[in-house]
Amino acid sequence: MSLNVNINIEIQEVTNNSNETAIKYKESMDTSAGKIEFTNTATLVKEDKEYKLDWSSAMIFPELRDTDRVRVSTIESERGEILDRNGNKLAENGTVSSIGIVPGKLGENRDEAISQISELTGVSVDYINSQLSLSWVTDDTFVPIKTVAQSETDLKNQLLTISGVQINSENARVYPLGEEAAHLIGYVQEINAEELEEYADKNYTSTSIIGKSGLEQAYEDILRGIDGVEIYIQDEDGNKLKTLAKQDKQDGKDVKLTIDSNLQRSTYEQLKNDNGFFIIMNPATGEILSAVSTPTYDSNDFVLGLSNDEWNALNTNENKPLYNRFLQTYCPGSTFKPITAGIALTTGTINADSTVSYSGKAWQKDSSWGDYNVTTLTSYSGPKNVANALLYSDNIFFAQTVLQMGADKFTENLNNIGFNEELDFPLTLRKSQYSSGESIDGEIKLADTGYGQGDLLVNPIHVASIYSAFANGGDMVKPYIEYNNGETEYYKENAFSEQAAEEVKNDLIQVVESPNGTAHDMQRSGLTIAGKTGTAELKTSSEDTESGTLGWFDCFTIGRQGGDLLFVGMVENTQNNSDGGSHYVISKIREILAQN
């Protein structure tokens with residue numbers, strides 16, 4: 001390894017004789033292994049009116065003889081591991097298999113053997129030959145070609161039938177859940193030049209491994225180990241004579257998460273063929289139990305090494321497998337209506353008995369709206385109050401309610417529950433917003449925002465926190481992912497009044513339990529569930545037929561054995577789904593609950 005040394009020399013005494021001058025000096029070196037200090041003497045000998053240094057190896061270190069060597073060795077540290085709530089490993093220090101070739105053992109059919117290796121590994125013949133032609137390669141050299149997981153038994157067995165192939169085990173970061181938790185856990189790789197410069201003060205070296213994404217990156221300072229360094233004198237036979245300086249290694253610390261591996265697996269299994277996300281949280285504590293974004297990638301592939309073709313396939317895929325959807329913001333559609341209801345009830349804009357008036361399925365405030373109408377899908381005969389508006393997902397009720405409340409009061413209360421605010425979380429979450437500017441632009445946009453459209457964009461983890469208030473008497477829990485024995489911290493206390501939270505919760509229970517509720521297919525025998533469906537249209541205009549829809553379902557269980565669960569789920573492009581957007585998501589949540 002390279003050794004960074006800062007040397008300081010202090011002259012202490014100079015003694016002159018007839019033909020010699022002795023200079024006593026104190027030398028100190030600040031090295032990667034710590035400080036080295038010693039006192040030494042340099043002798044200058046006068047020859048033909050010139051002074052020459054009487055040199056020996058002892059000038060470097062007093063104990064160093066001419067036949068000795070100074071060695072610097074690295075004491076490798078270990079990176080901390082990432083564990084789930086039950087101690088199962090999500091990122092561990094394991095082993096991988098390095099597939100290589102010993103050129104001298106390829107035999108007479110060298111070209112055929114290389115062709116077979118290429119076919120099995122997917123590594124081009126040209127690349128293999130280029131590696132075998134490197135200047136340091138001899139007949140007995142192990143030349144690595146590809147790294148694969150230890151579990152690739154069939155591939156390794158086939159390769160070992162080919163002359164010249166050798167497979168070695170190497171230490172590496174391993175991700176047991178692979179693609180099931182890739183967006184959450186992330187991956188590590190060797191540090192690059194830009195990172196090395198950026199973190200120059202953190203003892204990284206050119207061969208350091210560093211977290212590149214996900215929690216591997218977010219918890220880098222906790223997980224990373226710092227290698228130890230020893231500087232010592234070695235004799236000509238390789239024996240260590242004296243340690244000059246030594247810095248002990250510092251192993252990284254483990255990080256334990258609130259994630260439940262079984263729940264993470266079953267969530268991914270339900271979503272793996274879709275573009276979407278799921279967040280599952282304990283509504284009482286704020287513990288994130290599962291976080292899945294699909295489509296995805298396998299974290300192990302980044303450790304094993306991606307070819308240019310494999311990287312390009314990931315990076316240019318129109319379904320964006322590298323894009324972490326649960327960190328982003330989306331139009332929530334009708335899943336936002338309980339939030340509007342909570343604000344309206346809390347501010348006294350409405351009460352449980354308040355009604356609105358309109359006929360048919362279309363409404364506008366007055367002729368100033370031109371040809372624009374707020375439309376709703378379902379006519380119903382009961383009173384147009386908040387309970388029925390949630391039960392039938394009545395757009396017009398919520399449009400009229402926010403117009404009555406006014407933009408200033410509405411946005412003030414949205415700000416009070418975390419809109420336009422960065423949520424403290426290890427991964428960077430996009431802020432929820434109610435407008436692309438500083439305020440909601442006009443009455444029509446305000447009306448649309450009330451039922452979950454307009455310029456409204458929400459982050460799913462933030463939404464999970466808001467919905468938790470309906471389960472917690474009005475208090476929003478703070479979502480967290482680093483395990484702390486289930487201790488609860490509130491993100492926003494009194495986000496809604498206790499009475500408003502109770503009203504919305506009871507209404508959402510009816511959305512599931514009533515035969516007329518939009519989420520009646522979520523009903524499960526013996527389990528109370530409160531939830532809200534939502535379909536967000538992504539049209540840019542009334543003539544837009546190209547943009548798709550987002551199917552949402554947000555819900556939470558009440559009194560579930562083993563602890564309550566809160567789900568925020570969304571699937572993209574559900575416009576052509578025979579189940580309907582929300583109901584497609586509901587079917588997946590039903591299956592997750594059945595398995596857990």
Side-chain angles (χ1 to χ4, degrees), residues 331-358 362-366 368-369 372-376 383-421 431-458 462-463 465-467 469-470 473-476 492-508 511 532 534 536 554:
C331 180
S334 294
T335 58
F336 188 73
K337 290 172 181 172
I339 299 171
T340 299
I343 292 173
L345 289 163
T346 298
T347 59
T349 303
I350 62 169
N351 58 46
D353 298 321
S354 300
T355 60
V356 302
S357 177
Y358 68 90
W363 173 85
Q364 62 174 208
K365 180 183 176 184
D366 53 43
S368 67
W369 285 18
Y372 186 81
N373 286 274
V374 175
T375 59
T376 197
K384 293 179 172 58
N385 57 18
V386 66
N388 280 330
L390 289 169
L391 188 72
Y392 295 100
S393 202
D394 183 350
N395 291 345
I396 297 172
F397 177 91
F398 291 101
Q400 290 195 25
T401 296
V402 294
L403 288 172
Q404 180 183 342
M405 188 186 315
D408 290 345
K409 184 181 290 187
F410 186 46
T411 56
E412 178 187 353
N413 279 271
L414 288 175
N415 289 333
N416 288 342
I417 59 173
F419 275 75
N420 299 312
E421 184 175 296
K431 301 175 187 177
S432 297
Q433 65 173 61
Y434 46 75
S435 172
S436 54
E438 294 184 1
S439 59
I440 297 175
D441 183 21
E443 284 185 339
I444 291 176
K445 193 62 68 70
L446 176 61
D448 289 344
T449 305
Y451 58 89
Q453 291 284 162
D455 293 332
L456 188 67
L457 296 172
V458 296
H462 180 213
V463 168
S465 177
I466 297 174
Y467 263 66
F470 303 132
D475 296 330
M476 290 167 54
K492 302 288 182 181
E493 295 188 58
N494 303 312
F496 307 110
S497 69
E498 187 174 353
Q499 184 178 0
E502 189 69 15
E503 174 67 30
V504 172
K505 180 180 76 172
N506 291 334
D507 293 345
L508 294 182
V511 170
K532 184 68 189 77
D554 301 344

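Hydrogens, waters and symmetry mates are skipped; everything else that's a heavy atom, side chains included, is used. No experiment lies behind these values; they were computed from the predicted model shown.
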Is the closest side-chain heavy-atom distance between [X] and [Y] below 4.5 Å?
{"X": "Gln453", "Y": "Thr449", "answer": "no"}
{"X": "Pro338", "Y": "Leu390", "answer": "yes"}
{"X": "Gln400", "Y": "Tyr358", "answer": "yes"}

Under the rule for side-chain contact (heavy atoms from CB on, under 4.5 Å), what residues qualify as partners of [X], not counting sequence neighbours?
{"X": "Ala362", "answer": "Asn373, Thr375"}
{"X": "Glu421", "answer": "Tyr491, Lys492"}
{"X": "Asp441", "answer": "none"}
{"X": "Glu498", "answer": "none"}

Exercise: identify the closest heavy-atom pair between [X] and [Y]:
{"X": "Thr346", "Y": "Ala500", "answer": "OG1-CB, 3.4 Å"}
{"X": "Ala341", "Y": "Val386", "answer": "CB-CG2, 3.7 Å"}
{"X": "Gly452", "Y": "Pro332", "answer": "O-CD, 3.5 Å"}
{"X": "Asn385", "Y": "Ala352", "answer": "CB-O, 3.8 Å"}

Show the atom names and distances, to 0.1 Å, of all donor-acceptor pairs under 3.5 Å that link a side chain in residues 401-409 to residues at least two apart or in another chain.
from	atom 1	to	atom 2	distance (Å)
Thr401	OG1	Phe397	O	2.8
Gln404	NE2	Thr349	O	3.0

Donor + acceptor pair across side chains of Tyr434, Asn415 (<3.5 Å): yes

From CA spacing to verdict: side-chain contact (heavy atoms from CB on, under 4.5 Å), Asn388, Asp394: CA-CA 8 Å; Asn388 280 330; Asp394 183 350; over 6 Å; no

With sequence neighbours excluded, residues passing ring-ring contact (aromatic ring centres under 6.0 Å, His included) with Tyr392: Tyr380

Set of ring-ring contact (aromatic ring centres under 6.0 Å, His included) partners for Phe398, sequence neighbours left out: none

Who passes side chain to side chain donor-acceptor pair (under 3.5 Å) against [X], sequence neighbours left out?
{"X": "Ser357", "answer": "none"}
{"X": "Lys445", "answer": "Asp455"}
{"X": "Lys337", "answer": "Ser334, Ser393, Asn395"}
{"X": "Gln499", "answer": "none"}

Test log, rule side-chain contact (heavy atoms from CB on, under 4.5 Å), inputs Thr376 and Tyr451: CA-CA 10 Å; Thr376 197; Tyr451 58 89; over 6 Å; no

From CA spacing to verdict: side-chain contact (heavy atoms from CB on, under 4.5 Å), Phe410, Thr340: CA-CA 8 Å; Phe410 186 46; Thr340 299; 4.0 Å; yes

Test log, rule side-chain contact (heavy atoms from CB on, under 4.5 Å), inputs Ile444 and Val374: CA-CA 9 Å; Ile444 291 176; Val374 175; over 6 Å; no

Set of salt bridge (charged side-chain N to carboxylate O under 4.0 Å, His left out) partners for Lys431, sequence neighbours left out: none

Aromatic ring proximity, centroids under 6.0 angstrom, Phe496 and Phe470: yes

Rounded distance [0.5 Å steps], NZ in Lys532 versus CG in Asp507: 11.5 Å

